[in-house]
Amino acid sequence: MYPTDVRITKIIKETPSTRTFVFDRSFEEAIPGQFVMVWIRGVDEIPMTLSGSNSITVQRVGDATEKMFILEEGDRLGIRGPYGRGFTLPEIEEKILLIAGGVGAAPLSPLAEYASSAGICMNTILGARNTSELLFVDHFTSCGELHITTDDGSSHRCGFVTDVLADIDVSAYDRIYTCGPEMMMKCVHGMLEREDTLEKAEFSLHRYFKCGIGVCGACCMDREGLRVCKDGPVFSGIQLRDSEFGIYMRGPSGIKKPF
Amino acid sequence: MYPTDVRITKIIKETPSTRTFVFDRSFEEAIPGQFVMVWIRGVDEIPMTLSGSNSITVQRVGDATEKMFILEEGDRLGIRGPYGRGFTLPEIEEKILLIAGGVGAAPLSPLAEYASSAGICMNTILGARNTSELLFVDHFTSCGELHITTDDGSSHRCGFVTDVLADIDVSAYDRIYTCGPEMMMKCVHGMLEREDTLEKAEFSLHRYFKCGIGVCGACCMDREGLRVCKDGPVFSGIQLRDSEFGIYMRGPSGIKKPF
Amino acid sequence: MISITGIELENPTILAAGIMGTTGASLVRVAKEGAGAIVSKSIGPEPKDGHSNPSMIDLGYGFLNAMGLPNPSYPDFKDELAVAKREADVPVVASIFGGTEEEFVEVALGLIDSNPDAFELNVSCPHALGYGASVGSNPDAVETITKAVCDAVDIPVWVKLTPNVTDIVAIGEAAQRGGADAVVAINTIKGMAIDINSGYPVLGNRFGGVSGAAVKPVALKCVYDLYNALEIPVIGVGGINTWEDAIEMIMAGASAVQIGSAVYQGLEIFSSVSTGIEIFISDRGYKGLSEIIGIAHERI
Amino acid sequence: MISITGIELENPTILAAGIMGTTGASLVRVAKEGAGAIVSKSIGPEPKDGHSNPSMIDLGYGFLNAMGLPNPSYPDFKDELAVAKREADVPVVASIFGGTEEEFVEVALGLIDSNPDAFELNVSCPHALGYGASVGSNPDAVETITKAVCDAVDIPVWVKLTPNVTDIVAIGEAAQRGGADAVVAINTIKGMAIDINSGYPVLGNRFGGVSGAAVKPVALKCVYDLYNALEIPVIGVGGINTWEDAIEMIMAGASAVQIGSAVYQGLEIFSSVSTGIEIFISDRGYKGLSEIIGIAHERI
Ligand SMILES: Cc1cc2nc3c(=O)[nH]c(=O)nc-3n(C[C@H](O)[C@H](O)[C@H](O)COP(=O)(O)OP(=O)(O)OC[C@H]3O[C@@H](n4cnc5c(N)ncnc54)[C@H](O)[C@@H]3O)c2cc1C
Ligand SMILES: Cc1cc2nc3c(=O)[nH]c(=O)nc-3n(C[C@H](O)[C@H](O)[C@H](O)COP(=O)(O)OP(=O)(O)OC[C@H]3O[C@@H](n4cnc5c(N)ncnc54)[C@H](O)[C@@H]3O)c2cc1C
Ligand SMILES: Cc1cc2nc3c(=O)[nH]c(=O)nc-3n(C[C@H](O)[C@H](O)[C@H](O)COP(=O)(O)O)c2cc1C
Ligand SMILES: Cc1cc2nc3c(=O)[nH]c(=O)nc-3n(C[C@H](O)[C@H](O)[C@H](O)COP(=O)(O)O)c2cc1C
Ligand code: FES
Ligand code: FES
């Protein structure tokens with residue numbers, strides 16, 4: 001289908017580097033963790049997780065996101081999706097742990113919302129470079145404990161989310177969800193593997209997307225050829241074992257770029 | 001859609017010039033009076049009314065029908081349809097009159113079947129060239145009266161269906177359905193017009209069909225540009241007023257051929 | 001009201017050639033249903049019965065047809081055209097074809113007394129041996145034919161192009177050089193279908209032309225390129241099923257659109273497309289159709 | 001088991017070029033899902049990022065894409081190809097492209113050490129400036145390139161043809177003269193889409209190529225004509241979504257089929273098409289696939 005035309009109804013400056021764009025079209029059918037392809041006309045089309053049924057939360061990193069940061073309320077975007085495989089939703093009686101780093105809080109936010117509305121017991125580890133970059137703090141406090149870390153110690157615990165994770169008894173959780181910089185997720189993956197709890201864990205990944213619909217193969221990961229846009233972006237910890245995860249990704253041409 | 005492949009399960013020699021071909025695919029959704037495009041592979045594709053939900057009744061007149069007469073049980077045809085506008089089905093309490101000439105009995109046969117199964121009061125005037133060409137006699141006797149005429153008087157009343165019609169009080173009927181040679185139908189039309197009962201009457205027409213789906217325009221009638229394949233083949237008596245009906249039709253090139 | 005090659009149209013939807021265009025009455029009917037102009041079936045020098053059936057099938061995502069240019073020839077069609085002119089109340093365009101420039105001229109002159117508002121030269125039908133695309137894929141032939149007809153008549157001449165060429169722009173330029181007042185793009189794309197139960201090609205002619213939804217992206221690209229290269233207006237045709245499709249075609253560069261296969265949906269298509277266009281124009285605050293013609297070229 | 005240009009395939013379904021073919025691992029995955037052979041993404045002399053996004057959209061009745069031949073270039077792809085060869089257990093075909101015959105040869109020689117089972121020459125991508133169809137619509141260029149590669153390597157060479165030409169048969173004949181062992185038809189058909197809300201062409205490259213259902217009738221006609229004209233086998237591609245589509249293509253004259261866009265439905269497409277073909281062959285009492293290749297030509 002052609003991209004759906006949406007109007008930006010609200011722009012929220014979440015942190016110095018991230019903004020949430022709320023639009024006039026709600027993707028109620030979307031499962032937390034699914035993404036949309038966001039077309040900034042005349043510029044580029046880039047993948048963004050839905051941070052709510054009618055919003056995306058964007059970190060400024062390069063050309064296209066830069067252009068998004070000059071958009072104003074009333075401006076328009078083209079949206080294809082939602083696409084991909086989202087998170088496995090927790091059952092009512094399950095206890096869940098969320099581990100979010102940086103803008104990785106975006107896909108976990110609708111999951112937290114789901115969990116809190118379903119009354120699911122949820123704890124969160126939220127990390128960011130510094131205090132001002134902490135994202136969605138109140139989304140994660142609505143129920144359960146929130147552990148915050150900052151890389152520079154500008155508030156709360158100084159260090160990484162993995163430091164908190166090391167202190168936690170992961171066996172107490174039925175499901176663990178994580179999203180953040182790949183090296184952070186790789187550490188989490190390693191720790192959970194050592195605790196033998198990989199099968200409980202789901203990771204939301206980034207790769208370079210072209211088609212976004214599972215055809216072109218641009219986003220395929222070694223060694224199983226998993227398509228991040230279609231078989232993911234959410235994968236179980238098991239699927240990521242012995243993969244390129246945390247080692248390299250590919251650029252638009254397919255050339256490998258080590259992390 | 002591509003033509004549906006059907007197998008001929010039975011061939012019934014109805015009269016010297018007509019055969020019924022029963023196939024292994026039933027078009028239950030078809031309304032009496034609707035037609036199918038019958039593809040005799042390698043030969044031609046021609047329109048035929050469904051004489052039953054899984055049959056057509058074919059009069060041998062030229063190339064394609066000739067080829068059909070050498071087909072055997074087990075042979076296959078391609079079928080597109082059902083297409084077009086069929087007869088308006090009578091209501092339970094209505095009294096109906098059928099007027100059939102020659103192979104024109106084919107479209108009226110499923111209507112008679114419908115009427116008799118619904119317990120509708122039905123009378124029929126059935127005409128043919130001679131006794132041996134009388135078609136579907138028992139379909140029309142299952143309920144109501146049957147008036148038979150033969151052009152040569154080889155049995156029953158000698159003459160045309162219109163001779164019987166002249167003796168009948170058409171005002172006694174709620175609906176009148178007719179199919180047969182166009183000149184016969186034209187006479188019926190004239191008689192009903194004089195009786196001022198045209199709005200009760202429906203006529204099933206033939207024109208040269210190409211697409212069969214209302215696009216090409218080959219079957220359009222003057223003066224309203226009605227498409228026999230799509231707006232018909234069944235028309236009300238009113239629709240046919242001041243039309244080419246009974247005056248001329250067009251051949252494949254669009255050139256007029258007077259009757 | 002729009003004006004194209006000097007002809008005034010109430011709305012930019014035009015009946016495409018070969019669709020309900022064999023009789024004056026059916027053309028009039030389409031006009032009354034809301035078409036802004038009507039184009040006749042392509043008329044040639046001799047009566048033709050066309051190919052044997054099946055001559056058209058619905059593919060679901062488009063249509064496949066091989067009618068084989070059935071037509072009664074100009075001596076017979078003259079009167080039909082006159083009926084259309086008399087009763088349609090919208091501009092009437094006569095589509096004509098021939099195998100040589102002489103034949104094109106013969107047909108044009110044969111129909112001129114019925115006062116068509118324009119001629120559309122069908123140099124693009126892909127499935128008539130010796131006619132159509134065999135002519136239309138040769139720029140010189142297109143230029144010669146166009147010039148011959150333009151010299152012979154003084155009403156606007158539209159040239160209908162085939163997409164079955166390496167470079168449609170070269171053919172469009174040839175038409176323009178020949179004096180065409182507009183080009184019409186596109187005719188159907190060569191295609192076929194095979195019945196796997198028997199192995200037979202489905203069409204009586206074995207192959208034919210694809211129209212409908214499936215060809216829209218191709219038509220858009222042709223119109224886009226022609227708009228870019230030519231001075232004369234481009235009329236867009238191919239796969240228009242909704243008013244949105246029509247807007248897309250206009251944004252690619254079409255000054256008006258023709259609608260063919262979508263008649264399958266019902267003749268209301270003309271009024272629904274033209275109403276949709278009108279509402280779109282006014283809702284978005286455009287001043288008129290002309291403001292969006294070819295607008296895609298400015299979006300960089 | 002079928003044999004095509006001397007290569008043995010378990011079944012006649014082949015992954016088309018440019019679909020999940022950029023990494024060795026994804027090629028292997030498709031093979032494991034049941035493809036009879038796999039073709040890589042088209043690989044060129046220099047790394048290319050491809051066009052900016054959007055690079056592909058689902059049209060409902062097909063797809064429109066303009067990837068722009070993104071590829072890591074042969075020095076980088078060599079290892080991926082080696083992975084595919086080592087692990088796929090089915091024949092692996094390397095699709096290659098270049099702007100000149102020297103570039104084609106350079107890429108072929110650059111990949112030959114990874115032991116591909118054949119090369120497929122992409123002379124047909126419609127949306128890479130200076131590459132692809134600009135080459136592939138010129139019979140002389142196709143002949144020269146084909147000859148150059150055939151001379152340089154001693155594995156089979158397939159030539160993939162564009163339908164965006166006036167006469168695909170002339171291009172197929174050129175490939176055959178150049179020594180091609182098979183032709184593959186068709187690549188995508190030039191097309192575009194426009195976002196009416198903004199006027200922008202949807203694709204980052206503005207235009208691209210149509211694939212999927214919409215192009216099947218066109219592909220069938222190309223395959224039908226090529227089968228008629230050429231001595232070498234024709235591999236059919238374009239719009240195959242079901243086993244019925246594959247049978248249709250084979251009856252038109254294809255010795256095997258490639259499947260591209262239908263991967264969108266799921267990778268089971270390869271096993272479902274090949275199983276469907278097998279059941280059809282045995283249910284209808286045919287002795288094998290070869291009995292139905294080109295059978296439509298005999299149905300008169
Ligand atoms: C499934 C998925 C969900 C994502 N969700 C979010 C989100 O919720 N919020 C957020 O801020 N970011 C998200 N991203 C990352 C986001 O897509 C990139 O930050 C964005 O594409 C950068 O574009 P740019 O032009 O500004 O950067 P560029 O200057 O083009 O490049 C910077 C980096 O961005 C990445 N990138 C660029 N284009 C693409 C592309 N087409 N596909 C994937 N990555 C690309 C590359 O890694 C590149 O190195 C997500 C990515 C994926 C794959
Ligand atoms: C809606 C409709 C329903 C019909 N139902 C029946 C029926 O139930 N039983 C029956 O025996 N006949 C029926 N006919 C008539 C039947 O289609 C023709 O008898 C048949 O097409 C003759 O084909 P032919 O090749 O044998 O004859 P030809 O030698 O081709 O021609 C003989 C005559 O048949 C007619 N004819 C030929 N081709 C076509 C065509 N494509 N479309 C329409 N008419 C054609 C022409 O009037 C022609 O003059 C119906 C026709 C129509 C339009
Ligand atoms: C049944 C049929 C008959 C056609 N006959 C003609 C014709 O006689 N002359 C012509 O120029 N184009 C003819 N065409 C092509 C159409 O005018 C039009 O160019 C094409 O169908 C694409 O438009 P569409 O997708 O709206 O149908 C015909 C198309 C169809 C479907
Ligand atoms: C996303 C995408 C990328 C493609 N890339 C290539 C390519 O690199 N080389 C090539 O020869 N064909 C390429 N093609 C064309 C396909 O191989 C195939 O010829 C075409 O898509 C028609 O087949 P389909 O309808 O099964 O998709 C690509 C097609 C698509 C959809
Ligand atoms: S981006 Fe094309 S397959 Fe994932
Ligand atoms: S046969 Fe084509 S419109 Fe009726």
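Predicted model only: the values in this text are computed from it and were never measured.
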Asn65(C) CG to Cys216(B) SG distance, which is reported to the nearest 0.5 Å: 9.0 Å

If I take atom CG from residue Asp76(C) and atom CD1 from residue Ile255(B), how far apart are they, to the nearest 0.5 angstrom? 4.5 Å

Report the option among [options] that has the most heavy-atom pairs separated by less than 4.5 Å from atoms of chain C.
| options | result |
| --- | --- |
| Ile46(B), Asp222(B), Ile213(B), Leu226(B) | Ile213(B) |
| Pro3(B), Cys219(B), Gly42(B) | Gly42(B) |
| Gly217(B), Gly214(B), Gly78(B), Ala64(B) | Gly217(B) |

If you measure from the Lys or Arg side-chain nitrogens to the Asp or Glu carboxylate oxygens, is any gap between Asp231(B) and Arg29(C) under 4.0 Å? yes

If you draw a 6.0 Å radius around NZ in Lys67(B), do more than 12 non-hydrogen atoms from other residues or ligands fall strictly inside? no

So with a 6.0 Å cut-off around CD of Glu244(C), is the heavy-atom count from everything else above 12? yes

Taking it one step at a time, do Lys32(C) and Glu224(B) satisfy salt bridge (Lys or Arg N to Asp or Glu O under 4.0 Å)? CA-CA 10 Å; Lys32(C) 299 247 184 290; Glu224(B) 298 299 324; over 6 Å; no

The test is side-chain contact (heavy atoms from CB on, under 4.5 Å); show your working for Met67(C) and Lys210(B) and say whether it passes. CA-CA 8 Å; Met67(C) 310 303 296; Lys210(B) 287 179 179 283; 3.5 Å; yes

Taking the side chain as C-beta and beyond, is there a heavy-atom pair between [X] and [Y] under 4.5 Å?
| X | Y | result |
| --- | --- | --- |
| Lys48(C) | Ser253(B) | no |
| Arg227(B) | Val263(C) | yes |
| Thr23(C) | Met221(B) | no |
| Glu87(C) | Arg223(B) | yes |
| Arg80(B) | Ile57(C) | yes |
| Asn197(C) | Arg76(B) | no |
| Tyr2(B) | Leu59(C) | yes |

Check each atom of Phe77(C) against the heavy atoms of chain B and say whether the ones under 4.5 Å are side chain, backbone, both or neither. neither

Taking side chain as everything from C-beta outward and backbone as N, CA, C, O, which of these in Ile43(C) sits under 4.5 Å from a heavy atom of chain B? Side chain, backbone, both or neither. neither

If you count heavy-atom pairs under 4.5 Å with chain B, which of [options] comes out on top?
| options | result |
| --- | --- |
| Ser52(C), Pro54(C), Ala25(C) | Pro54(C) |
| Pro47(C), Gly204(C), Ser261(C), Ser198(C) | Ser198(C) |
| Ser26(C), Gly260(C), Ser73(C) | Ser26(C) |
| Val202(C), Leu267(C), Asp49(C) | Asp49(C) |

Between Asp5(B) and Asp195(C), is there a donor-acceptor pair closer than 3.5 Å when you use the side chain of the first and the backbone of the second? no

Scanning both residues in full, the closest heavy-atom pair of Ser55(C) with Cys211(B) reads OG-N, 3.9 Å

Write down the atom of Tyr200(C), the atom of Arg41(B), and the distance for their closest heavy-atom approach. CD1-CB, 3.5 Å

Less than 4.5 Å to any heavy atom of chain C: does that hold for the side chain of Met1(B), its backbone, both, or neither? both

Please evaluate residues Met20(C) and Cys220(B) with respect to the criterion side-chain contact (heavy atoms from CB on, under 4.5 Å), reporting the C-alpha separation (whole Å), side-chain torsions for both, the decisive distance (0.1 Å), and the verdict. CA-CA 7 Å; Met20(C) 290 188 70; Cys220(B) 286; 4.0 Å; yes

